[in-house]
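Below is one structure, written out as structure tokens, with a few remarks after it.
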Amino acid sequence: MDSKTTIEILQALRNSTRVLITSHREPDGDSICSQLVVREYLCDHGKECVIYNHGDIPTKYRSVKGVEYISSDISQYDFQPDLVVVLETTHIERTGDIHTIVKPGIPIVNIDHHQGNQFYGSVNLVDEKASSVGEMIYKIFESDGYEFSDTARENIYIAILTDTGRFHFSSTTPDALRIAAALVEGGVDVRRVTDQIYFSMNEHQLRVIGAVMQDAELHYGNRICALTLTRKLLVDTNMSFADFEGIVDYSLQVSGVRIGLLFKDTADTVTKVSLRSRGNVDVSALARSFGGGGHANAAGITLNLALTDAKDLIVRKAGELVDGHD
Ligand SMILES: [Mn+2]
């Protein structure tokens with residue numbers, strides 16, 4: 001990571017008094033936990049700060065320590081920040097409603113690890129090799145001699161754990177593992193944290209996942225696995241999409257699958273697609289070609305199409321992509 005930029009970030013944080021912290025809409029484990037650690041650092045330095053995110057906190061992260069500090073309702077927002085910290089976000093517009101409350105002219109610190117970051121900040125630290133923004137935050141604050149609390153250590157660990165798919169994706173670098181090791185040495189309870197995030201579903205979740213797997217579709221000689229999570233399935237079980245963050249990962253459980261897809265009909269003519277891939281199949285370019293974004297092996301798209309149309313289109317494009325690889 002660039003040490004000059006790291007120093008500029010620390011200076012910007014130090015010179016601030018009131019800070020708005022935000023991230024991409026529908027925050028994930030990395031964005032949630034990274035924001036909480038930045039908040040804790042700023043509070044420890046006597047700053048006033050708020051965290052605002054567009055969208056619900058996925059159920060699996062609602063037990064993260066400090067998550068109650070994240071607000072999503074901007075209707076009451078009357079904070080006047082002199083600095084905005086944007087984490088995990090390639091385009092400022094990806095913060096959703098939050099970008100409408102960021103007044104022009106306020107300095108922005110942009111810290112991200114995604115390809116295609118637009119360098120919209122006054123200070124920009126983008127490390128595409130980092131496993132997670134959590135890892136980057138750890139390095140920045142460690143370089144400042146910061147004494148991480150037990151909560152901060154746990155939250156950095158969760159950021160790395162979730163963004164590497166439990167130390168499974170190719171983003172599981174020696175650096176990510178070294179930092180995770182230091183956090184465990186510092187007292188992070190690996191079993192409790194992992195159980196809390198990954199092994200705490202209720203019976204309804206288990207049964208919905210069962211139904212989604214039952215209807216899984218395999219295409220292109222089993223190289224593409226498409227899962228579908230519908231509003232109907234959720235209404236029938238009184239659940240929400242936020243209860244199923246991460247189920248796209250099941251699409252790669254089948255041997256030989258190169259691209260895994262999850263389709264969600266979030267409205268009649270809006271379909272969200274999560275894409276996962278193995279090896280050198282890069283789904284981020286496919287996502288970007290439809291206005292989405294992400295990493296080579298994990299990306300997302302929101303399409304203004306009905307579910308079946310979205311499926312036809314993306315399965316075909318994913319098919320072209322895997323055909324190009326064999
Ligand atoms: Mn991330």
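Numbering of ligands and ligand atoms starts at 1, following listing order.
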Metal-centred angle, OD2 of Asp163 through the Mn ion (ligand 1) to NE2 of His113, rounded to 10 degrees: 90°

Indicate whether the side chain of Gln35 and that of Arg39 have a donor and an acceptor atom separated by less than 3.5 Å. no

Chi angles and distances behind the salt bridge (Lys or Arg N to Asp or Glu O under 4.0 Å) call for Glu245, Lys60: CA-CA 8 Å; Glu245 213 251 6; Lys60 67 200 278 195; 3.8 Å; yes

Verify the distance test for His114 against the Mn ion (ligand 1): any N/O/S atom under 2.8 Å, yes or no. no

Presence of N, O or S from Asp28 under 2.8 Å of the Mn ion (ligand 1): no

Have a look at Glu88 and say which of its N, O or S atoms is nearest the Mn ion (ligand 1). OE2

Can you tell me the N, O or S atom of Asp30 that's nearest the Mn ion (ligand 1)? OD2

Report all side-chain donor-acceptor pairs from residues 304-320 shorter than 3.5 Å, counting only partners two or more places apart or in another chain.
{"from": "Lys311", "atom 1": "NZ", "to": "Glu217", "atom 2": "OE2", "distance (Å)": "2.8"}
{"from": "Lys311", "atom 1": "NZ", "to": "Thr228", "atom 2": "OG1", "distance (Å)": "2.8"}

So does Ile106 get a backbone contact from the side chain of Asp82, meaning a donor-acceptor N/O pair under 3.5 Å? no

Once the angle between the rings of Phe148 and Phe141 is folded into 0 to 90°, is it parallel (under 30°), tilted (30 to 60°) or perpendicular (over 60°)? tilted

